[in-house]
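Shown next, in structure tokens, is the structure this report addresses.
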Amino acid sequence: NNEGGFTVQAITEPRKVLLIDGRPRWESRYLRNLFDRDQRWQVNPLFAGVKTEGEPWRRGDETGAFPRDIESLFKYDLIILGDVPSGFLTETEQGWIRDFVGDRGGGLVLVDGARGHLQGFNKPAMAELLPVQWLGDDITATAQPQRVKLTAAGQGQSALRLLSDPLDNASLWTELQPPHWIAAVKALPGAEVLAEAVVGERVTPAIVQRSYGAGRVLYMAFDETWVPERCSST
């Protein structure tokens with residue numbers, strides 16, 4: 001009776017991330033460099049640059065190409081989708097992304113942008129993935145967010161923990177330099193707001209997550225992040 005079974009999962013290859021953006025924004029370039037320096041990850045960055053029509057990138061299995069089929073896409077572990085015009089991906093490819101999250105159990109991070117291209121993915125192929133609904137009014141035109149604060153749900157997320165003490169961490173978030181703009185959205189039923197932005201007398205979702213099938217979707221309503229000096233060692 002002094003024996004017990006256990007399972008060991010060995011990861012022999014780096015995890016793969018597909019980073020897609022309509023242009024090489026600061027945030028997307030930072031993410032590319034971050035994953036590129038981490039030996040545990042292999043990043044495939046796709047930046048459309050200044051191209052506004054036609055195919056902005058190849059289809060294939062090589063770096064710099066969007067996966068040629070759903071089986072190739074399923075080899076990734078994470079997709080980061082930035083401010084990309086929806087026309088840059090076919091409806092079939094958008095359906096692959098939906099199945100990547102729901103069936104493959106992959107992660108999808110949506111990083112919104114001031115050009116508002118992500119709203120174009122609110123179509124049958126991907127609409128059920130989205131954790132937010134975009135509102136018609138542009139709150140960025142009237143006021144800049146004063147601060148970003150964690151919700152109760154966000155305080156329990158280790159990924160948002162910049163300081164070990166929960167109270168200090170929540171306070172630090174309110175002191176961070178706020179973004180210059182925030183997308184006007186509301187969280188959909190079943191989604192969980194992790195952080196909110198205070199804009200004048202309004203509070204709007206800033207970071208929202210939801211589960212979809214076997215995977216998870218995280219939405220960022222802004223594309224500017226910083227790490228304060230006093231938590232750079234955490």
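Every value quoted in this text rests on a predicted model; they were computed, and no experiment measured them. Throughout, numbering of the chain's residues begins at 1 and tracks the sequence.
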Backbone N or O of [Y] within a donor-acceptor pair of the [X] side chain at under 3.5 Å?
X: Asp36; Y: Arg32; answer: no
X: Trp173; Y: Arg161; answer: no
X: Glu224; Y: His180; answer: yes
X: Arg210; Y: Val217; answer: no
X: Thr151; Y: Val193; answer: yes

For Arg58, check salt bridge (Lys or Arg N to Asp or Glu O under 4.0 Å) against everything at least two apart and list the hits.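 Once residues adjacent in sequence are excluded, the partners of Arg58 under the salt bridge (Lys or Arg N to Asp or Glu O under 4.0 Å) criterion are Glu62.
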
Out of curiosity, [X] [atom1] to [Y] [atom2], how far, rounded to the nearest 0.5 Å?
X: Asn44; Y: Trp57; atom1: CG; atom2: CH2; answer: 10.5 Å
X: Gln94; Y: Ser86; atom1: CD; atom2: OG; answer: 6.0 Å
X: Arg98; Y: Tyr212; atom1: CZ; atom2: OH; answer: 5.5 Å
X: Ile80; Y: Glu27; atom1: CD1; atom2: CD; answer: 9.5 Å
X: Leu218; Y: Leu194; atom1: CG; atom2: CG; answer: 6.5 Å
X: Arg15; Y: Arg40; atom1: CZ; atom2: CZ; answer: 10.0 Å

With a 4.5 Å cut-off on side-chain heavy atoms, are [Y] and [X] touching?
X: Pro131; Y: Leu110; answer: yes
X: Arg25; Y: Val111; answer: yes
X: Val199; Y: Pro145; answer: yes
X: Thr174; Y: Val198; answer: no
X: Leu81; Y: Leu118; answer: yes
X: Gln144; Y: Trp181; answer: no
X: Asp223; Y: Asp83; answer: no

Between Asp21, Leu18, Thr63, which is the residue that forms a side-chain contact (heavy atoms from CB on, under 4.5 Å) with Leu46?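 Result for side-chain contact (heavy atoms from CB on, under 4.5 Å) with Leu46: Leu18.
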
Before giving the answer on side chain to side chain contact (heavy atoms under 4.5 Å, CB included), spell out for Leu78 and Phe35 the whole-Å C-alpha distance, their side-chain angles and the decisive distance to 0.1 Å. CA-CA 11 Å; Leu78 174 66; Phe35 283 108; 4.0 Å; yes

Evaluate the side chain to side chain donor-acceptor pair (under 3.5 Å) criterion for residues Asp69 and Ser72: first the C-alpha distance (whole Å), next the side-chain angles of each, then the deciding distance (0.1 Å), finally the verdict. CA-CA 5 Å; Asp69 50 42; Ser72 299; 2.8 Å; yes

Salt-bridge criterion met for Glu175 and Arg147 (N-O under 4.0 Å):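 No, Glu175 and Arg147 are not salt-bridged.
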
Would a single hydrophobic cluster contain both Tyr76 and Phe66, if residues Ile, Leu, Val, Met, Phe, Trp and Tyr are joined by side-chain heavy-atom contacts under 4.5 Å?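 Cluster IDs for Phe66 and Tyr76 match.
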
Could you see if Leu89 belongs to whatever hydrophobic cluster contains Phe74? Use Ile, Leu, Val, Met, Phe, Trp, Tyr and a side-chain cutoff under 4.5 Å.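 Result: yes, single cluster for both.
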
Of the non-hydrogen atoms in Pro179 and Val148, which two are nearest, and what is the gap between them?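 Distance-wise, the nearest heavy atoms are CD-CG2, 3.7 Å.
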
Take Ile97 and Leu129 through the test side chain to side chain contact (heavy atoms under 4.5 Å, CB included) and record every step on the way to the result. CA-CA 9 Å; Ile97 295 177; Leu129 273 179; 4.3 Å; yes

For Lys186 and Val132: C-alpha separation, side-chain torsions, deciding distance, then whether side chain to side chain contact (heavy atoms under 4.5 Å, CB included) applies. CA-CA 5 Å; Lys186 71 174 183 179; Val132 298; over 6 Å; no

More than 12 heavy atoms from other groups under 6.0 Å of NZ on Lys149: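 No, because the 6.0 Å sphere around NZ of Lys149 holds 12 heavy atoms or fewer from other groups.
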
Listed once per pair and sorted, the side chain to side chain donor-acceptor pair (under 3.5 Å) pairs that draw on residues 102-116, sequence neighbours left out: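 Listed once each, the pairs are Asp77-Arg104, Asp112-Trp134, Asp112-Tyr219.
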
Check the pair Glu93 / Ile70 against side chain to side chain contact (heavy atoms under 4.5 Å, CB included), numbers first and verdict last. CA-CA 8 Å; Glu93 291 169 339; Ile70 192 171; over 6 Å; no

